[in-house]
Number of protein chains: 2
Amino acid sequence: MSIRTTDTKEEILRIGKQFIQYYGYNAFSYADIARELKIKNAAVHYHFRGKEDLLMALIENYIQNYQLLAQQLEGSKLKAAGKINKFIERYTGLCDSDSICIIGSIASDYNTLPESVKARISELIEMVLGMVEQTLAEGKKKGELHFEESPRTRALLIMTNLAAGVQLARISGKADYEAIRKALIKQLK
Amino acid sequence: MSIRTTDTKEEILRIGKQFIQYYGYNAFSYADIARELKIKNAAVHYHFRGKEDLLMALIENYIQNYQLLAQQLEGSKLKAAGKINKFIERYTGLCDSDSICIIGSIASDYNTLPESVKARISELIEMVLGMVEQTLAEGKKKGELHFEESPRTRALLIMTNLAAGVQLARISGKADYEAIRKALIKQLK
DNA sequence: GTCTATAGGGGGATAGAC
DNA sequence: GTCTATCCCCCTATAGAC
């Protein structure tokens, strides 16, 4: 019955994620976060010493989140196509809020980030690609999915279609993203 | 015999383009450009009143550049696959310098840009997509290319593979980009 | 845990001399 | 066309009171 009180630290993470997806990492400030949460600059620094620490925490969140998804998919009765759809859905949601995937956003700012962050992002990407790759491989083995390329290559094609698809949608409209999404699903049948 | 002297204005455009592709629009300053060209801050402002004017000039350059490519392709004896390859080559070159396509870079910063710039970027994207779409349509008609989707959708799939492919390569290495590139070419046969 | 106040630096941009 | 000098703003970050 208890609604867990979202503390400030979680709120900062939530807003930070939104800002990265909407404006980009180098285009928002602690002051922006503070204004949004109606607290002061210094309070944000209390929870995350510096902006890089906030970014790192967000990346850790994503890693945990995908680990959770991995467990859910492993224990689910979904067919391969349904599992792939779980990944696609995450991108479809972004479009509706004019936002882009955090990996794509960070990729643009990549050369401005410290090595520690770069390394962790690399791990996140490998993890996500690995999950998609494995799902594709299993689906092919069971005869549920059909594609010519290696599972790794197919995973790369799908994830790049999605990542740049939401970037494109922000500029040219959601219709283009929808065309991509439908084509992806059709291709695997 | 005369080697045209590259004046400062052209040099600024050259460096500005590099910085956008390497660091992102919101992550470099006029001071960075000035340092690179061994001139002062104010000299850059003389050639481009503000940073947005520089960005707009770069977008105009891209539009002209693609118009030139369109003319070249129209008058060439290249088969459809060869024409598509001209687009792919542009992205392959980016990988080697740890850079990403300017459209992808700008897409990340999109919500921080003034409306005038947004509108022009939209036109640039439509132009490039239109060129690829038309090339695909002609190739299919002549029996040189084979794909199931509409030319527009196929163009979207190819361009998003390339745009996010170079973003990915910057983080996970060029091997992934190469896998994408080869798969794209193979898919069309 | 949040505040006020502030340090220190960098950003975009302009005026006016040369 | 480039310079020096400067303005004003916002940024990241910290110290110390509450």
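Order of the sequence lines fixes the chain letters, A, B, ..., with proteins taken first and strands second; residue numbering starts at 1 for each chain. Everything numeric in this text was worked out from a predicted model, so none of it was measured.
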_Taking the minimum atom-to-atom distance to the side chain of Lys40(A), which one of dA13(D), dT4(C), dC11(D) wins?_
dT4(C)
*So which nucleotide from dA13(C), dC3(D), dT2(D) ends up closest to the side chain of Ala42(B)?*
dC3(D)
*With a 4.0 Å cut-off on heavy atoms, is Phe48(A) in touch with a base, just the backbone sugar-phosphate, or nothing at all?*
nothing
*Out of dT2(D), dT2(C), dG12(C), which has the shortest distance to the side chain of Ala43(A)?*
dT2(C)
*Distance check: side-chain N/O of Arg49(A) vs OP1/OP2 of dT12(D), anything under 4.0 Å?*
no
*Out of dC11(D), dC3(D), dC3(C), which nucleotide sits closest to the side chain of Asp32(A)?*
dC11(D)
_Quick check for you: to the nearest 0.5 Å, what is the distance between Ile180(B) atom CD1 and Lys174(B) atom NZ?_
12.5 Å
_Measuring to OP1 and OP2 of dG1(D), would you say a side-chain N or O of Tyr46(B) lies under 4.0 angstrom away?_
yes
*Given dT4(C), dA13(C), dT2(C), which nucleotide is nearest the side-chain atoms of Thr8(A)?*
dT2(C)
*Could Arg90(B) and Tyr66(B) be counted as a cation-pi pair, given that NZ or CZ must be under 6.0 Å from the ring centre and within 45° of the axis?*
yes
*Take atom NE2 of His45(B) and atom C1' of dC3(D), then tell me their distance rounded to the nearest Å.*
14 Å
*Taking the side chain of His47(B) as its heavy atoms from C-beta onward, which of dG1(D), dC3(D), dT12(D) lies nearest to it?*
dG1(D)
_Quiz question: by atom type and distance under 3.5 Å, do the side chains of Glu148(A) and Gln187(B) form a donor-acceptor pair?_
no
*State whether Ser29(B) places a side-chain N or O below 4.0 Å from either non-bridging phosphate oxygen (OP1 or OP2) of dG10(C).*
no
*Starting at atom CG of Asn26(A), determine the distance to atom P of dG12(C), rounded to an integer number of angstrom.*
12 Å
*asked:* Tell me whether the NZ or CZ atom of Lys51(A) lies within the 45° cone about the ring axis of Tyr25(A) and under 6.0 Å from its centre.
replied: yes
*Rounding to a whole Å, what distance do you find between Phe19(B):CZ and dG11(C):C1'?*
15 Å
*asked:* In whole Å, I'd like the distance from the CD1 atom of Ile33(A) to the P atom of dC10(D).
replied: 17 Å
